[in-house]
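Here's the structure, in structure tokens; my notes come after.
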There are 2 protein chains.
Amino acid sequence: MDECVELIADCRLRAATDLFLHRWDPVLLAALAEGPRRRVDLRTAVGGISDKVLTESLRRLLGNGLVDRTRHGGAPPRVDYALTALGTSLVEGPLRELGRWTLAHADELLDAQARSSRTP
Amino acid sequence: MDECVELIADCRLRAATDLFLHRWDPVLLAALAEGPRRRVDLRTAVGGISDKVLTESLRRLLGNGLVDRTRHGGAPPRVDYALTALGTSLVEGPLRELGRWTLAHADELLDAQARSSRTP
DNA sequence: CCGTATCCCTTAAGATACTG
DNA sequence: CAGTATCTTAAGGGATACGG
């Protein structure tokens, strides 16, 4: 895996892995994979995220150019969030691959975790 | 991306993304992609990680069954860390894909970040 | 060389209440 | 509905210094 070594050296790998450093960001990205969603729908789709953290996470995704925000004026206000091209490429590539890996290896992973918590 | 929606629902996606939740873990995994390494070599290969955090990260990778530890007795002590089969599958799959994505999209990502930091 | 033990600082994240 | 404002707690991470 030669590319990764380069990536470590110049920290570009960290630039990418940092996108997954916040608990809810990847989940929000996955939730947006189906298409644009209103803020409140995102909130319930994801489940268990607070208003504050939701806003922070969305702002971060905005700032990283992974998500777009559209205000449809009026009352009550309506705001849609959608993946950008960059966001889509991240979701359809690495995140999807991670989803596949999870399906294939969740058992082993949970096994290992259980084993290690029995023998601390 | 239907699978991901399931994954969100039952939290399995989070079980996987949590593996990338700690700053150094993916970098250590990448550094181990070439083969087993001694602790000190890992430390310098990665660069900028403290002893304490290195130990914590390695313990976590151990606990998740991604890495194996081998003590070769003697003085000075020598300890090798290596990817397990599970760890290898994670590196060769999702992490590698993330590395590829980074190479392809680092410019766009850094652009977006720069743009958003100019307009906070 | 391989860790452990402290201490400190920053930040993530949860809960809750409130405004436009 | 969308988002802000506070406050609190917990945890991650960095910097030493020390011991086996």
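From a predicted model like this one, the values you see are computed outputs, not experimental measurements. All values below come from the heavy atoms of this structure, side chains included, with hydrogens, waters and symmetry mates left out. Chain A is the first sequence line, chain B the second, and so forth, proteins listed ahead of strands; every chain is numbered from 1.
- Following rounding to the nearest Å, A:Arg59 (CZ) and D:dA2 (P) show an atom-to-atom distance of 12 Å.
- In this structure, the side chain of A:Thr84 does not engage the main chain of A:Asp68 through any donor-acceptor pair within 3.5 Å.
- At distances below 3.5 Å, at least one donor-acceptor pair connects side-chain atoms of B:Arg43 with backbone N or O atoms of B:Ile49.
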Canonical and wobble pairing (Watson-Crick, G-U, under 3.5 Å) of DNA chain C, dot-bracket with |: |.||||||||||||||||||
With sugar-phosphate taken as primed atoms, P, OP1 and OP2 and all else as base, the protein-contact string of nucleotides 6-20 of chain D at under 4.0 Å (heavy atoms; B, S, -) is B-----SBBB----B
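- Between B:Leu29 and B:Val67, some side-chain heavy-atom pair lies under the 4.5 Å cut-off.
- An OP1 or OP2 oxygen of D:dA2 is reached within less than 4.0 angstrom by no side-chain nitrogen or oxygen of A:Arg78.
- Phosphate contact (OP1/OP2 of D:dA2, side-chain N/O of A:Arg37, threshold under 4.0 Å): absent.
- At the phosphate of C:dG3, OP1 or OP2 sits under 4.0 Å from a side-chain N or O atom of B:Tyr81.
- One hydrophobic cluster holds both A:Leu54 and A:Phe20 under the rule that ILVMFWY side chains link at heavy-atom gaps under 4.5 Å.
- Look at CG on B:Leu54: it is 12 Å from C1' on C:dC1, rounded to the nearest Å.
- The CG atom of B:Leu62 sits 14 Å away from the P atom of C:dC2 (whole-angstrom rounding).
- A:Asp18 has no carboxylate O lying under 4.0 Å from a charged side-chain N of A:Arg60, or vice versa, which leaves the two without a salt bridge.
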Test side-chain contact (heavy atoms from CB on, under 4.5 Å) applied to B:Thr55 and B:Arg39, step by step: CA-CA 9 Å; B:Thr55 298; B:Arg39 188 193 135 105; 2.7 Å; yes
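- Partner of B:Leu61 under the side-chain contact (heavy atoms from CB on, under 4.5 Å) criterion, chosen from B:Leu83, B:Leu19, B:Asp25: B:Asp25.
- Of the candidate nucleotides D:dC1, C:dT4, C:dC2, D:dC1 has the atom lying nearest to any side-chain atom of A:Arg38.
- Counting heavy atoms from C-beta outward, B:Leu86 and A:Trp101 have side chains that approach closer than 4.5 Å.
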